[in-house]
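In what follows, a single structure is set out as structure tokens and then discussed.
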Amino acid sequence: MALNANSRPLWAVRHLFLNIGLQTIFEDADFSIHENEHVALVGRNGCGKSTLLRIIAGEFANVRGDIAIANNIRIGYLPQNFAVDSSRTIRENIMDGAAYWQELLQRYEDKRTPQSEHERIEHLLTMHDSWDIVRKADNVIGKLDLDAERKCESLSGGEMRKVALARSIISSPDLLLLDEPTNHLDVSVIQWIEKFLDSFRGSCLFVTHDRYFLDRLADRVVELDQGKFYSYDGSYADFMTGKMERETKLSIAEAKRKHFLAREIDWIRRSPKARLKRNLGRVKRFDQLNSMPDIKIAADMELLIPDPPRLGNKAVDVENISLAFGDKTLFKNFSFEFVPGAKVGIIGPNGIGKSSFLKVLTGQLEPDSGKIKYAPALEFNYIDQGKITLDLEKTVAEEISGGVESIDLGTEKITVWGYLKRFLFEDERINTQVKYLSGGEKARLILAKILKNRCNFLILDEPTNDLDLSSLRMLEDALESFGGALIIVSHDRYFLNRLCDTIIAFEGNGELYVQTGDYDYYLEKLEEREAKKLAAAAPKIKNTSQTPPSPPAPKAEKLSFKENKELEEMEGKIEALDEKISALEALFSAPDFFEKYGKDSPKLQSELEDLRNEQAALYDRWEFLEQKKERCKK
């Protein structure tokens with residue numbers, strides 16, 4: 001949805017300042033979010049994105065700045081580190097988010113409620129579809145595939161996130177804040193969240209590293225970079241283009257400044273005339289430019305993956321392997337040949353058996369049947385990121401070195417210090433204990449720890465979790481040029497599309513489906529397969545001797561002159577209806593609606609419903625005429 005220039009700001013700040021220790025989080029920064037706007041907030045890990053969300057949610061008050069908040073707005077917040085009461089059921093936790101609407105319903109049903117208040121509540125309940133809040137909660141619970149009566153103490157981390165997300169969604173706030181909402185969730189759940197937020201009536205500010213999610217939902221991308229906010233209208237591609245242009249201008253300006261300073265320094269040193277009164281202006285300009293801080297453009301990681309030891313034509317040959325746990329078959333009779341240079345994506349819902357498959361592949365678990373052949377020179381590097389632990393008492397250098405002074409990259413060796421600098425650790429941070437690192441720094445350290453081990457078969461299990469967009473791009477570049485075999489287990493659709501040439505999909509009932517191509521191509525072929533299954537399952541009419549053969553299908557009629565004219569005018573009619581509907585919806589959303597139109601609310605609601613029905617009928621008619629037109633061409 002495009003931002004209306006006249007829409008009111010829900011939350012805004014000017015001249016925002018915040019330092020935490022020696023780190024500047026915000027420095028004279030301005031930010032705002034308007035009604036009916038979806039904004040993606042991006043930036044490096046540790047730059048302050050979560051801090052901004054906490055400030056807006058009212059959980060972080062120790063800041064300087066001029067903050068303005070719209071009257072009576074309700075803010076919903078899903079932090080990264082959310083809390084769920086494990087002693088209560090899923091339904092009980094989720095219904096906490098509905099407390100506001102339950103209270104409104106009670107006031108609506110109270111005969112002592114004044115008429116004006118009664119009308120305001122009726123409007124709110126209608127606009128937010130919250131007359132039957134229990135039904136609404138049940139619908140969300142079903143869409144997220146949760147067992148409403150299950151106690152939360154037995155939930156996994158991903159299931160806990162679903163509960164916290166549902167609690168935020170059911171609250172239907174004016175401004176919804178989401179901090180990495182898609183982390184550790186299945187693709188099907190992420191797609192449902194996308195659909196929900198696409199139709200969400202309020203404003204939404206979200207932090208995400210999921211570029212598909214960002215592209216689908218964001219009207220605007222705001223980058224937090226070195227304490228300031230930079231806004232870019234449009235998609236992820238628009239953001240990248242705008243960012244590149246901004247940094248190019250900064251680089252040119254800094255180069256010009258330094259060139260001028262070098263020239264002026266030479267003049268001042270050589271010329272006594274610099275001290276003459278008529279030249280004092282020139283000296284003053286030099287002093288002003290010389291006193292300016294250097295313009296810094298944040299550096300990107302330079303990821304180093306050690307060159308793989310040489311392999312032959314094959315890496316791993318899997319022949320008819322099967323594995324079951326109890327009555328559950330994880331996979332059966334699966335065969336595949338992994339070759340050097342192959343980049344394979346493994347996808348499927350959480351808990352379906354992907355990790356067990358990797359353990360069988362790497363020899364950590366015996367299959368029930370089948371066999372696996374390994375190349376003689378094969379060297380695996382498979383570390384489940386969820387199982388990597390960092391020693392909080394060690395320094396960054398100690399955690400990586402393991403008692404050695406250099407990292408073997410195959411063609412060369414590099415010092416531990418130099419290796420860590422490629423992962424953006426400065427001297428001060430290299431000597432810092434791990435327990436003092438930010439979440440983003442710990443994510444980079446884990447990545448450095450994984451990638452330092454030389455191998456020719458690299459397996460990454462959810463490598464994109466907790467990495468910022470810049471780090472993701474660097475990781476993609478490094479993996480793209482990796483010469484060994486590569487397996488990526490991920491829910492990140494953009495990441496899979498960029499890197500993978502083959503997809504192995506866990507599709508349930510022990511079936512593993514192999515599709516050559518990227519993730520989008522797999523989806524395309526999956527739709528074709530499902531369409532064929534539906535067609536095959538449809539009842540068929542058998543021809544018998546008593547049943548005459550069907551007559552040939554009549555030739556498609558051409559559009560009449562009247563239908564052609566109707567089709568030509570259809571687009572204009574739809575646009576006119578869209579404008580009327582948008583105008584009425586804006587009227588309902590106006591803060592002074594009940595002051596001006598309270599008595600006409602039922603009539604206006606009925607008019608809006610009639611327009612929506614007319615719009616749906618027009619779309620149906622337009623689709624019918626377009627299909628008829630296409631049939632005529634055949």
Side-chain angles (χ1 to χ4, degrees), residues 145 147 156 158-159 184-191 313-340 342-375 378 380-387 457-463 485-493 496 499-537:
D145 195 25
D147 179 357
S156 67
E159 289 169 325
H184 311 289
L185 295 182
D186 296 336
V187 171
S188 59
V189 176
I190 294 171
Q191 289 171 334
N313 295 326
K314 295 182 181 180
V316 178
D317 194 2
V318 175
E319 297 180 2
N320 295 314
I321 61 169
S322 301
L323 184 69
F325 284 132
D327 296 332
K328 184 178 180 181
T329 299
L330 300 184
F331 47 88
K332 58 188 177 185
N333 301 324
F334 178 72
S335 299
F336 188 77
E337 186 179 298
F338 293 91
V339 297
K343 292 178 173 54
V344 180
I346 296 184
I347 63 172
N350 292 329
I352 201 169
K354 301 189 296 294
S355 295
S356 298
F357 174 79
L358 295 178
K359 288 178 180 177
V360 169
L361 184 68
T362 54
Q364 300 175 48
L365 192 64
E366 284 290 325
D368 295 335
S369 61
K371 59 183 179 180
I372 302 175
K373 296 177 182 177
Y374 301 101
L378 186 70
F380 278 115
N381 181 11
Y382 167 43
I383 305 173
D384 181 353
Q385 292 199 64
K387 302 219 171 32
F457 200 132
L458 178 60
I459 301 174
L460 296 176
D461 196 350
E462 292 294 350
L486 173 67
I487 286 179
I488 299 167
V489 181
S490 182
H491 297 307
D492 189 322
R493 297 156 290 177
L496 291 169
L499 287 172
C500 295
D501 51 39
T502 304
I503 298 292
I504 297 177
F506 281 70
E507 295 187 343
N509 300 318
E511 296 295 329
L512 269 64
Y513 189 85
V514 178
Q515 179 64 62
T516 303
D518 62 14
Y519 178 76
D520 279 349
Y521 190 66
Y522 160 76
L523 286 183
E524 183 184 325
K525 291 300 179 182
L526 175 63
E527 289 178 4
E528 290 180 10
R529 285 190 284 123
E530 289 179 341
K532 286 180 181 178
K533 285 181 184 177
L534 286 173

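One-based numbering along the sequence shown.
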Please identify each residue that fulfils side-chain contact (heavy atoms from CB on, under 4.5 Å) with [X], with sequence neighbours left out.
{"X": "K532", "value": "none"}
{"X": "D501", "value": "K343"}
{"X": "K328", "value": "L330"}

Report the distance from atom [atom1] of [X] to atom [atom2] of [Y], rounding to the nearest 0.5 Å.
{"X": "I352", "Y": "N509", "atom1": "CD1", "atom2": "CG", "answer": "8.5 Å"}
{"X": "D518", "Y": "T502", "atom1": "CG", "atom2": "OG1", "answer": "10.5 Å"}
{"X": "L358", "Y": "I487", "atom1": "CG", "atom2": "CD1", "answer": "6.0 Å"}
{"X": "E366", "Y": "L323", "atom1": "CD", "atom2": "CG", "answer": "10.5 Å"}
{"X": "Q515", "Y": "K525", "atom1": "CD", "atom2": "NZ", "answer": "6.5 Å"}
{"X": "I503", "Y": "L512", "atom1": "CD1", "atom2": "CG", "answer": "12.5 Å"}

Worksheet item: So V360 and I321, side-chain contact (heavy atoms from CB on, under 4.5 Å) or not? Walk me through it.
Response: CA-CA 9 Å; V360 169; I321 61 169; 4.1 Å; yes
Return yes when atom [atom1] of [X] has more than 12 non-hydrogen atoms of other residues, nucleotides or ligands closer than 6.0 Å, and no otherwise.
{"X": "E337", "atom1": "CD", "value": "yes"}
{"X": "D145", "atom1": "CG", "value": "no"}
{"X": "Y521", "atom1": "OH", "value": "no"}

Practice prompt. Only one of V339, T362, L378 passes side-chain contact (heavy atoms from CB on, under 4.5 Å) with V316; say which it is.
Written response: L378
Worksheet item: E524 and D520: side-chain contact (heavy atoms from CB on, under 4.5 Å), yes or no, with the steps?
Response: CA-CA 6 Å; E524 183 184 325; D520 279 349; over 6 Å; no
Worksheet item: Is it true that E530 and K533 make a salt bridge, defined as a side-chain N closer than 4.0 Å to a carboxylate O?
Response: no
Where [X] and [Y] come nearest, the two heavy atoms and their spacing:
{"X": "P340", "Y": "A315", "answer": "CD-N, 4.0 Å"}
{"X": "G348", "Y": "K354", "answer": "O-NZ, 2.9 Å"}
{"X": "T329", "Y": "A324", "answer": "CA-CB, 3.9 Å"}
{"X": "L361", "Y": "I372", "answer": "CA-CD1, 4.1 Å"}
{"X": "F334", "Y": "V318", "answer": "O-CG1, 3.5 Å"}
{"X": "F325", "Y": "L365", "answer": "CZ-CD2, 4.2 Å"}

Discussion item. Would Y382 and F457 count as a ring-ring contact (aromatic ring centres under 6.0 Å, His included) here? Give the steps.
Written reply: CA-CA 8 Å; Y382 167 43; F457 200 132; 9.8 Å; no
Under the side chain to side chain donor-acceptor pair (under 3.5 Å) test, which residues partner [X], sequence neighbours left out?
{"X": "N350", "answer": "D186, H491"}
{"X": "Y522", "answer": "E507"}
{"X": "E159", "answer": "R150, S156"}

Between [X] and [Y], is there a donor-acceptor pair closer than 3.5 Å when you use the side chain of the first and the backbone of the second?
{"X": "S322", "Y": "N333", "answer": "yes"}
{"X": "S490", "Y": "D492", "answer": "yes"}
{"X": "S335", "Y": "N320", "answer": "yes"}

Discussion item. Measuring only between side-chain heavy atoms, which start at C-beta, is I488 closer than 4.5 Å to C500?
Written reply: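 The answer is yes; the side chains approach within 4.5 Å.
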Practice prompt. For residues L496 and I347, determine if any side-chain heavy atom of one lies less than 4.5 Å from a side-chain heavy atom of the other.
Written response: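 A side-chain contact exists here, since the closest heavy-atom pair is under 4.5 Å.
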Discussion item. For F506 and Y513: C-alpha separation, side-chain torsions, deciding distance, then whether side-chain contact (heavy atoms from CB on, under 4.5 Å) applies.
Written reply: CA-CA 7 Å; F506 281 70; Y513 189 85; over 6 Å; no
Discussion item. If you apply the rule side-chain contact (heavy atoms from CB on, under 4.5 Å), what do you find for K373 with K314, and how did you get there?
Written reply: CA-CA 9 Å; K373 296 177 182 177; K314 295 182 181 180; over 6 Å; no
Item to complete: Evaluate the ring-ring contact (aromatic ring centres under 6.0 Å, His included) criterion for residues F336 and F338: first the C-alpha distance (whole Å), next the side-chain angles of each, then the deciding distance (0.1 Å), finally the verdict.
Response: CA-CA 6 Å; F336 188 77; F338 293 91; 4.7 Å; yes
